[in-house]
Structure formats: structure tokens, C-alpha cells
Colleague: 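Below is the structure I would like to discuss, written out as C-alpha cells.
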Amino acid sequence: MSTDFGRPSLAAENQDLVERRLKEIRDVGGVQETLRIEWRGQPLQVEVIDMPVNSLYYNPGSHRIRAQRTHDPVRDRVLDEEAFSPDSQDYLHHLLQALPADPTKRDPDFDTLLESLRNFKQNDPGLITRDGILVNGNTRRAALKELGEVNIRVGVLPLSCTWDDINRVELSLQLRRDHKRDYSYINRLLAIDEQLSFNRTYADIAHEFRTTKRACEQDMWVLATLRDLVERSKTGGVQLRLLDFEEAQEKLKELHRRYMKESAASKEKADVMKESRLMAIVLGFSKTDVRLIEPDFKARYLDKRLPDAVRTPPAAAASAGVAIPGLNRTVRAADPSVADARALTDSVLKAKAVEAAGAAVPAQQAVEAAKTFSAVKAAVEDALEPAGKDARVRKRKQAAPDRIADACHDIEQCITDLVYARASSSLDEETFDESVLKLRESLTRLSVESARSIKEPGDGVSWLLRAVQVEGS
């Protein structure tokens with residue numbers, strides 16, 4: 001069920017003005033502008049009118065700024081209580097112009113929209129309720145207000161519109177393929193999560209969001225992970241926000257893929273890698289750096305480089321097991337390496353939260369957090385160097401076998417092509433013969449290098465050496 005924010009103070013005046021303007025365009029007759037929307041599962045053409053920019057209200061439930069509302073917790077709470085007060089509407093006006101990842105900065109995309117409206121005016125109509133609440137076109141209204149424009153073209157929803165209708169129509173319009181400005185990453189995750197709360201299936205949501213069921217499941221794994229990080233970052237009255245992870249989209253998606261693959265073999269190793277990679281993401285390392293963090297990264301490279309102040313003590317959970325109350329049984333305790341990795345990530349999360357809070361925390365606390373953050377970041381940076389070197393060595397070791405495997409796939413495809421060519425009598429036999437001669441030459445050279453490089457050949461290399469010897473005799 002969607003949040004009911006009530007009605008704005010000018011609702012009655014707006015309803016009266018909407019009715020008058022709808023009557024005016026009907027009296028004029030002829031072909032009038034309309035806007036096509038999805039209304040309760042059916043297409044609907046709504047009439048478009050001009051409305052005063054200053055008479056309309058931003059939608060406090062807009063998916064576009066849902067994560068950004070938490071930028072100022074006090075004003076966010078006021079928004080829930082008095083969504084249409086001047087202060088709340090001013091806050092929404094600010095957020096609609098702000099950079100999604102950092103609401104203290106202006107969004108360049110907003111300035112692009114501003115210039116477009118200045119030079120070419122309004123191309124597409126917005127959409128409002130009869131009370132004057134913007135369902136679509138919130139950002140355009142903010143830009144028109146900045147430009148000092150008097151009117152905005154808007155379609156008008158039916159009188160029976162509810163807050164559930166507002167949310168559904170906004171979402172359907174936003175997800176149209178021709179829409180120019182997408183939701184930010186976190187707001188998209190929240191929109192999918194909201195649809196799940198309405199008991200919709202992943203398949204239905206994937207269809208509406210023009211994506212796949214697997215992608216939606218990945219998004220919800222990421223959102224659950226981020227909510228866990230936000231909760232774990234709480235310290236001294238401050239904490240991180242979901243919007244602090246706006247720019248980590250690709251890193252988080254790659255983490256999910258790698259975690260799923262690793263957990264199929266070992267859940268404990270996957271959890272250690274997950275915690276280490278999340279720590280690196282919070283520290284601000286690049287995607288290529290995060291990719292170097294494997295399950296053994298912390299134990300093999302990082303632990304010995306961590307300063308004593310941030311090192312976690314040996315986990316007490318390494319005991320025999322954990323008792324289950326009432327059953328007189330014990331189960332294996334969690335792997336202490338997971339607990340250690342989690343504790344280190346927690347210390348970084350709390351330090352990041354204090355750092356982001358700025359003047360809202362005592363100076364001494366801020367200094368200590370900055371020391372922790374910089375110390376762990378320096379240790380991770382040092383650990384990534386040998387990890388990167390070892391990764392490159394592993395890659396070189398795997399390069400030759402991978403190329404042989406690729407060549408085998410090509411030969412298998414060649415066999416299929418030969419069958420088709422024989423059936424259609426289309427084989428160029430001379431060219432094929434020349435290619436086979438090149439293959440013989442390549443296999444001969446491969447045999448020579450294999451004999452030089454491999455001291456104790458296995459069955460495969462032994463066969464290659466024998467085959468070349470027989471061919472050469």
C-alpha cells in the first residue's frame with residue numbers, strides 16, 4: 001500500500017482551475033493534445049492543459065528522489081508529516097536539482113535539461129492529479145521554475161485517482177523506452193523492492209522494468225546487502241545512507257556474480273571474499289582493484305599489513321560449536337575468518353559514516369575515524385600490489401591451455417561445416433588443404449615448445465610428441 005500524503009492546501013483551487021481549463025479546451029473543439037498513459041491496466045488518453053507552475057506541488061513519493069530524501073534526516077521526517085508545506089516543497093526542489101550520488105552538488109543533467117527548456121521550450125507534457133500534484137514532470141517543473149516560466153503543459157488524471165494510482169502511473173511512464181532521464185541506481189532498486197511489497201512476482205516486475213527475472217533477483221540481493229551495510233555502519237548517532245552507494249553499481253553487480261559462483265563451492269570462502277570486497281568498495285577502490293580480491297586476499301596479503309589498532313583479535317567463536325537451547329545439541333560455529341573479515345568491514349563502515357557526518361560528530365571522534373579509514377586504505381593498497389602480480393602470473397599460466405581449448409572448439413565447428421559443405425558440394429578443397437598444412441606446421445611448432453617447456457609430459461602432450469614424430473619419420 002502506498003503512503004497517503006494527504007491533500008495540499010491549494011487542492012480545491014487547483015481542482016476548480018483544472019475543471020475550468022478542461023472545459024475551455026472542450027468548448028474550442030477540434031484536435032486537442034492528449035497524453036497516453038497506463039491506467040489501472042488499460043491504456044487511457046488524458047487531456048493536456050496549461051497550469052501555473054507555482055500552483056503545482058512536487059510528488060513527495062516520487063521514485064526519482066526516494067533515496068536522496070535521507071540526505072537530511074530532519075527534513076525527511078518533516079516530509080512524511082507535512083509533505084506539502086513550503087519547507088518540504090523547497091527540499092524536494094533542491095533534491096530534484098542535485099546530483100543523486102551527492103545531493104550537496106548540482107546535477108549536470110539538470111543543467112542540460114535547463115538549457116534544453118530555455119532553447120526549445122517544453123516538448124512533452126507532464127502529468128498531474130486534479131489536486132495539482134505532479135505525477136510526472138517533477139524535474140521539468142523544477143527547471144521551469146528556475147527559468148521563471150509561468151505555465152507548464154500537463155495531462156490530467158481522472159478524479160478518482162489514489163496514491164496507489166499515482167505510484168503506478170509514475171513508474172509506468174518512467175520505464176518507457178523513450179524516457180530521457182532514468183532513475184538513479186538506488187532509486188531503481190527501491191522501486192523494484194516496492195513492487196515486491198505489493199506481492200507482485202519477479203516475472204511481472206521484470207516485464208514492467210524491461211529486464212530479466214535474474215537481473216531483478218540480483219538487484220534485490222544488492223539492496224539487501226546495502227541495507228545490511230547501512231545498519232552495520234551505525235555509530236554514535238550517525239550512519240551511512242543508501243545513496244552513499246549510488247556510484248558502486250558495477251562493482252556490486254560483479255560482486256554478486258562472483259559471490260554466487262564462489263558460494264557454490266564454499267559458502268565460508270564466498271562470505272570472506274564478499275566482506276573484503278565490500279570493504280574495498282567502501283574505501284573507494286576501482287572495479288579493477290576490487291576484482292583482484294579473492295577469498296584468500298585477507299589472510300594471504302592483507303592481515304600482515306594491517307596496523308595493530310585495526311586488527312581483529314582471534315575470534316572466540318573458534319570453539320567446538322554453538323549450543324541450540326532446548327535441544328541439547330551443538331552445531332558447528334561460524335568460520336572465524338568470516339567473523340574477522342566482517343569485523344574489519346564494520347570498522348571501515350563506521351569510520352566512513354563518521355567521516356561523512358562532518359561537523360555533526362565530535363572532533364576527536366572524527367580524527368580517530370579518519371586515522372582508521374586511512375590506515376586500512378593504505379594497507380589494502382599495499383596488499384593489492386602483490387595480489388595483482390600473482391593474478392597476472394595465474395593468468396599467464398592459464399593462457400596456453402585456454403588457447404588450446406578455443407582451438408578445439410574451432411575444429412569441432414569446422415567438422416560441422418565440412419558436413420554441410422559436403423551435402424551442398426560447396427567445399428573449396430584447395431583452400432581447405434592449405435589450411436590443414438598450416439595446422440600441421442602449427443602442431444609441429446607446438447610439439448617442439450611443449451617438449452622444451454614440460455619436463456614430465458602427461459597423456460595429452462605425450463600423444464602430441466608421438467604424433468609429430470610419426471608424421472616426420
Side-chain angles (χ1 to χ4, degrees), residues 33 35-37 48 50-72 75 79 88-128 132-155 166 169-192 209-211 219 241-253 284 286-287:
E33 183 181 11
L35 175 66
R36 184 181 183 278
I37 63 170
V48 174
D50 286 336
M51 284 292 287
V53 170
N54 290 329
S55 295
L56 303 183
Y57 294 87
Y58 297 120
N59 176 13
S62 171
H63 298 87
R64 181 171 297 286
I65 43 82
R66 191 156 295 184
Q68 286 67 35
R69 281 183 45 170
T70 59
H71 170 63
D72 187 330
R75 298 182 83 177
L79 256 174
S88 292
Q89 289 291 302
D90 285 344
Y91 184 43
L92 292 174
H93 183 73
H94 165 74
L95 293 179
L96 288 163
Q97 301 175 66
L99 193 66
D102 185 358
T104 62
K105 299 176 182 177
R106 191 175 176 93
D107 189 353
D109 287 344
F110 181 81
D111 290 329
T112 301
L113 173 64
L114 200 70
E115 286 306 307
S116 175
L117 289 170
R118 191 197 311 276
N119 296 326
F120 306 108
K121 304 305 178 183
Q122 185 184 354
N123 291 325
D124 302 311
L127 185 67
I128 62 168
I133 301 168
L134 282 152
V135 179
N136 190 44
N138 285 273
T139 312
R140 273 170 283 170
R141 189 253 186 167
L144 290 170
K145 193 171 183 180
E146 289 291 301
L147 293 172
E149 294 289 337
V150 176
N151 292 313
I152 179 173
R153 286 176 22 253
V154 289
I166 290 174
V169 172
E170 182 215 350
L171 199 59
S172 68
L173 287 172
Q174 176 61 40
L175 295 175
R176 284 182 178 177
R177 293 185 186 275
D178 59 349
H179 208 283
K180 298 297 188 297
R181 193 167 181 249
D182 294 333
Y183 289 148
S184 71
Y185 177 54
I186 300 299
N187 285 323
R188 181 180 173 85
L189 300 185
L190 292 173
I192 294 174
F209 278 71
R210 296 178 174 86
T211 184
D219 286 339
R241 306 153 301 179
L242 287 175
L243 67 89
D244 292 319
F245 299 92
E246 277 283 11
E247 296 181 334
Q249 176 177 353
E250 293 305 318
K251 301 174 196 176
L252 292 166
K253 285 184 175 182
S286 68
K287 184 170 70 173

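The first residue in the sequence is number 1, and the count goes up from there. Note that the structure is predicted; figures quoted are calculated from it, not measured. Just so you know, these numbers use all the heavy atoms, side chains as well, and skip hydrogens, waters and symmetry mates.
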Colleague: Pair I166, V135 - check side-chain contact (heavy atoms from CB on, under 4.5 Å), show working.
Modeller: CA-CA 6 Å; I166 290 174; V135 179; 4.1 Å; yes

Colleague: Answer yes or no: is there a side-chain heavy-atom contact under 4.5 Å between H93 and E146?
Modeller: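 Counting from C-beta outward, H93 and E146 do come under 4.5 Å.
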
Colleague: Can you name the closest pair of heavy atoms from L35 and P125 and give their distance?
Modeller: CD1-CG, 4.2 Å

Colleague: Which atoms form the tightest heavy-atom contact between L95 and P103, and what is the distance?
Modeller: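 Smallest interatomic distance, heavy atoms only, reads CD2-CB, 4.2 Å.
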
Colleague: Would you call H63 and L190 a side-chain contact if the rule is heavy atoms closer than 4.5 Å?
Modeller: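 Sidechains of L190 and H63: no contact.
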
Colleague: Could you walk me through whether L171 and Y183 satisfy the side-chain contact (heavy atoms from CB on, under 4.5 Å) test, starting with their C-alpha distance in whole Å, then the side-chain angles of each, then the deciding distance to 0.1 Å, before giving a yes or no?
Modeller: CA-CA 10 Å; L171 199 59; Y183 289 148; 3.8 Å; yes

Colleague: Test your reading of the model: is there a side-chain donor-acceptor pair from Q122 to the backbone of D124, 3.5 Å cut-off?
Modeller: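 Pair found, side chain donor or acceptor close to backbone of D124.
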
Colleague: Could you tell me whether R64 and E170 have a side-chain N and a carboxylate O separated by less than 4.0 Å?
Modeller: no

Colleague: Please check if atom CD in E247 has more than 12 non-hydrogen atoms from other residues, nucleotides or ligands closer than 6.0 Å.
Modeller: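 Check fails, neighbour count at 12 or below.
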
Colleague: Can you give me the closest heavy-atom contact between Y185 and L252, atom names plus distance?
Modeller: CE2-CD1, 4.3 Å

Colleague: Which heavy-atom pair separates S286 from K251 by the least distance, and what is that distance?
Modeller: C-CE, 4.1 Å

Colleague: What distance do N138 atom CG and L127 atom CG have between them, rounded to the nearest 0.5 Å?
Modeller: 10.5 Å

Colleague: Can you check whether L242 reaches T70 side chain to side chain, under 4.5 Å on heavy atoms?
Modeller: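 SC-SC contact between L242 and T70 ruled out.
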
Colleague: Kindly determine whether D102 and E246 satisfy side-chain contact (heavy atoms from CB on, under 4.5 Å), including the steps that lead there.
Modeller: CA-CA 9 Å; D102 185 358; E246 277 283 11; over 6 Å; no

Colleague: Are the side chains of D107 and P100 in touch, meaning some heavy atoms are under 4.5 Å apart?
Modeller: yes

Colleague: I want to check something: taking the side chain as every heavy atom from C-beta on, are R188 and T211 in contact at a cut-off of under 4.5 Å?
Modeller: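 Contact flag for R188/T211 side chains = yes.
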
Colleague: Within the 4.5 Å heavy-atom criterion, are L92 and L79 side-chain neighbours or not?
Modeller: yes

Colleague: So which heavy atom on P108 is nearest to which on L99, and how close?
Modeller: CD-CD1, 3.8 Å

Colleague: What's the shortest heavy-atom distance between R153 and N123, and which atoms?
Modeller: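 Heavy atoms only, the tightest pair is NH2-O, 3.3 Å.
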
Colleague: Does R141 make a cation-pi contact with Y58, if we ask for NZ or CZ under 6.0 Å from the ring centre and within 45° of the axis?
Modeller: yes

Colleague: So D219 and L189, do their side chains get closer than 4.5 Å, heavy atoms only?
Modeller: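 The answer is yes, as the side chains (C-beta and beyond) meet within the 4.5 Å cut-off.
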
Colleague: Apply the test side-chain contact (heavy atoms from CB on, under 4.5 Å) to residues T139 and F110: give CA-CA distance (whole Å), side-chain angles for both, the deciding distance (0.1 Å), then the verdict.
Modeller: CA-CA 8 Å; T139 312; F110 181 81; 3.7 Å; yes

Colleague: Nearest 0.5 Å, what's the OG-CG distance between S62 and L134?
Modeller: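 Here the rounded value is 9.5 Å.
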
Colleague: Determine whether S184 and I65 make a side-chain contact, defined as any pair of heavy atoms from C-beta on separated by less than 4.5 Å.
Modeller: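 Counting from C-beta outward, S184 and I65 never come under 4.5 Å.
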
